[in-house]
Amino acid sequence: IPMGVCPLARRPRDNFTGPLQPWARPEVLTCTSWGAPIIWDGTFDPDVAQQKAVEQNLTIGLTVFAVGRYLEKYLERFLETAERHFMVGQRVVYYVFTERPAAVPHVPLGPGRRLRVERVERERRWQDVSMERMRTLHEALGGRLGREARFVFCMDVDQHFSGAFGPEALAESVAQLHAWHYHWPQWLLPFERDARSAAALAPGEGDFYYHAAVFGGSVAALRGLTAHCARGQRQDRARGLEARWHDESHLNKFFWLHKPAKVLSPEFCWSPDIGRRAEIRRPRLLWAPKEYALVRA
Ligand code: UDP
Ligand code: MN
């Protein structure tokens with residue numbers, strides 16, 4: 001693929017970024033081997049992205065789970081900062097999944113933005129809370145969320161927005177490069193390697209290691225993704241197995257089999273614990289410190 005040409009990025013359905021300017025970031029990889037753009041700061045024009053999304057009169061869903069102590073600890077800041085930075089100027093519908101709807105904070109919402117709360121059962125193990133998201137999302141996408149939204153992002157709650165996360169991130173299917181792993185050699189990436197697991201990748205398999213804290217796409221694509229992951233998790237459980245990184249392992253298997261149409265650079269979901277990196281210009285989401293002793297107790 002010649003420099004600067006990303007075939008998938010030219011498909012109008014997949015392209016909310018307008019013309020990409022990969023030459024603006026010569027120091028990073030801006031296109032995958034299958035021709036999907038990797039979106040870095042400076043490679044797109046946010047105004048063109050905004051205009052294209054407005055023209056299509058989109059409603060964009062944002063799902064987040066806040067079960068147990070994650071609700072008090074993270075949800076308010078996640079929603080407040082989403083109001084400032086997530087798809088500003090578009091129609092947005094938040095879906096908050098929790099076992100305690102009454103405890104969801106009342107965050108003032110801008111025009112064209114709504115919040116819906118869905119009740120879920122509280123699983124006993126945090127691993128199960130995390131994995132159950134796939135089944136719950138699959139159902140929601142087949143119901144009201146799927147009817148309301150054209151595109152949906154699914155996110156972890158233990159992070160907050162710190163910069164514009166706009167329609168440049170939209171595509172038929174979107175995967176997030178993991179901040180800790182984007183520059184690691186492929187053989188070191190933490191894919192599930194136990195061949196008995198549905199999430200297993202064989203040696204030599206795997207394009208990038210993707211972070212389950214952010215993924216998105218069209219309703220149809222996400223129906224497929226969540227069905228695949230929920231099925232894999234069920235299969236593993238029936239065999240007495242659990243993939244190394246739970247739902248994230250199954251997500252990585254899915255994106256190995258079904259290549260994402262767009263990939264987000266680690267600028268879109270960055271861990272401050274990594275420290276400064278020259279190629280990380282403007283983080284859009286920042287991980288909260290991992291206070292597992294508090295939230296998983
Ligand atoms: N989660 C939750 N309650 C729990 C465990 C997980 O609400 O007890 C949700 C929450 O949205 C969280 C996500 O599942 O951000 C994934 O879990 P976590 O962030 O702990 O996983 P990590 O990012 O550390 O892999
Ligand atoms: Mn998380």
Side-chain angles (χ1 to χ4, degrees), residues 61-82 86 94-105 107 115-140 145 152-162 165 175-182 189-192 199 209-216 222 225-226 229-230 233 242-255 264 266 268-274 283-297:
L62 176 56
T63 71
V64 69
F65 286 69
V67 173
R69 301 198 184 160
Y70 285 66
L71 195 158
E72 281 81 7
K73 185 101 185 104
Y74 304 115
L75 184 60
E76 187 160 23
R77 189 167 193 206
F78 178 89
L79 292 172
E80 278 173 1
T81 57
F86 181 77
Y94 298 102
Y95 270 74
V96 173
F97 298 88
T98 180
E99 86 284 19
R100 282 173 298 142
V104 171
V107 173
L115 186 143
R116 301 200 188 281
V117 181
E118 301 276 329
R119 224 186 78 80
V120 294
E121 294 300 322
R122 180 175 183 178
E123 303 292 328
R124 208 170 43 79
R125 299 167 61 244
W126 63 264
Q127 297 92 331
D128 289 328
V129 176
S130 189
M131 290 193 289
E132 266 300 290
R133 291 185 293 175
M134 290 297 182
R135 207 188 51 76
T136 307
L137 287 171
H138 186 73
E139 262 174 35
L145 168 60
V152 177
F153 272 95
C154 307
M155 296 191 185
D156 272 15
V157 75
D158 59 340
Q159 49 189 349
H160 69 269
F161 290 87
S162 56
F165 196 114
Q176 170 67 55
L177 291 182
H178 197 292
W180 283 96
H181 301 299
Y182 68 101
L189 296 176
F191 299 120
E192 176 56 62
Y209 190 78
Y210 301 116
H211 193 184
V214 175
F215 59 90
L222 290 176
L225 180 157
T226 50
C229 294
Q233 290 171 176
E242 190 165 275
R244 181 170 176 192
W245 290 110
H246 320 109
D247 42 307
E248 188 166 83
S249 302
H250 294 273
L251 182 81
N252 272 279
K253 173 75 175 223
F254 178 85
F255 279 134
L264 302 179
F268 280 80
C269 186
W270 184 247
S271 167
D273 287 347
I274 297 173
R284 315 306 171 98
L285 274 167
L286 290 173
W287 303 15
K290 296 284 178 199
E291 297 178 88
Y292 291 144
L294 280 176
V295 291
R296 288 181 177 170

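Ligands are counted one by one from 1 in listed order, and the atoms in each one are counted from 1 as well.
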Residues Tyr70, Tyr74; criterion ring-ring contact (aromatic ring centres under 6.0 Å, His included); working and verdict: CA-CA 6 Å; Tyr70 285 66; Tyr74 304 115; 5.7 Å; yes
Verdict with supporting geometry, Phe255 and Phe215, ring-ring contact (aromatic ring centres under 6.0 Å, His included): CA-CA 10 Å; Phe255 279 134; Phe215 59 90; 7.3 Å; no
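Using the six-membered ring where Trp is involved, Phe268 and Phe165 have ring planes that are perpendicular, over 60° apart on the 30 and 60° scheme.
Ion pairing between Glu242 and Arg244 fails under the 4.0 Å rule for side-chain N and carboxylate O. Ion pairing of Glu132 with Arg135 is present here, as a side-chain N (NZ or NE/NH1/NH2) and a carboxylate O approach within less than 4.0 Å. Under a 4.0 Å N-O distance rule, the pair Lys290/Asp158 qualifies as a salt bridge.
Protein heavy atom closest to atom 19 (O) of ligand 1, with residue, atom name and distance, is Asp158 OD2, 2.9 Å. In this structure, atom 7 (O) of ligand 1 lies nearest to the protein heavy atom Val67 N, 2.8 Å. Of the protein's non-hydrogen atoms, the one nearest atom 22 (P) of ligand 1 is Lys290 NZ, 3.6 Å. Residue, atom and distance of the protein heavy atom nearest to atom 6 (C) of ligand 1 are Val129 CG1, 3.7 Å.
Taking the centre of each ring, Trp245 and His178 stay at or above the 6.0 Å mark. Side-chain rings of Phe161 and Phe78 approach one another, their centers coming within less than 6.0 Å.
Asp156 contributes atom OD2 as its closest N/O/S atom to the Mn ion (ligand 2).
Under 4.0 Å from ligand 1, not a single heavy atom of Gln159 appears.
Atoms of ligand 1 found under 4.0 Å from any heavy atom of Arg296 (numbered from 1 in listed order, with element): 18 (P), 20 (O), 21 (O), 22 (P), 24 (O). Per-residue contacts place Ala66 under 4.0 angstrom from the following atoms of ligand 1 (heavy atoms of the residue considered): 7 (O). Taking a cut-off of under 4.0 Å to the non-hydrogen atoms of Val157, the atoms of ligand 1 that pass are 10 (C), 11 (O), 15 (O). Heavy-atom contacts of Tyr292 reach the following atoms of ligand 1: 22 (P), 24 (O) (cutoff under 4.0 Å).
The shortest N or O to N or O distance between Asp156 and ligand 1 is under 3.5 Å.
Of the candidates Glu132, Arg133, Glu99, the one placing a heavy atom closest to atom 14 (O) of ligand 1 is Arg133. Nearest to atom 12 (C) of ligand 1 by heavy atom, out of Trp287, Tyr70, Phe65, Phe78, is Tyr70.
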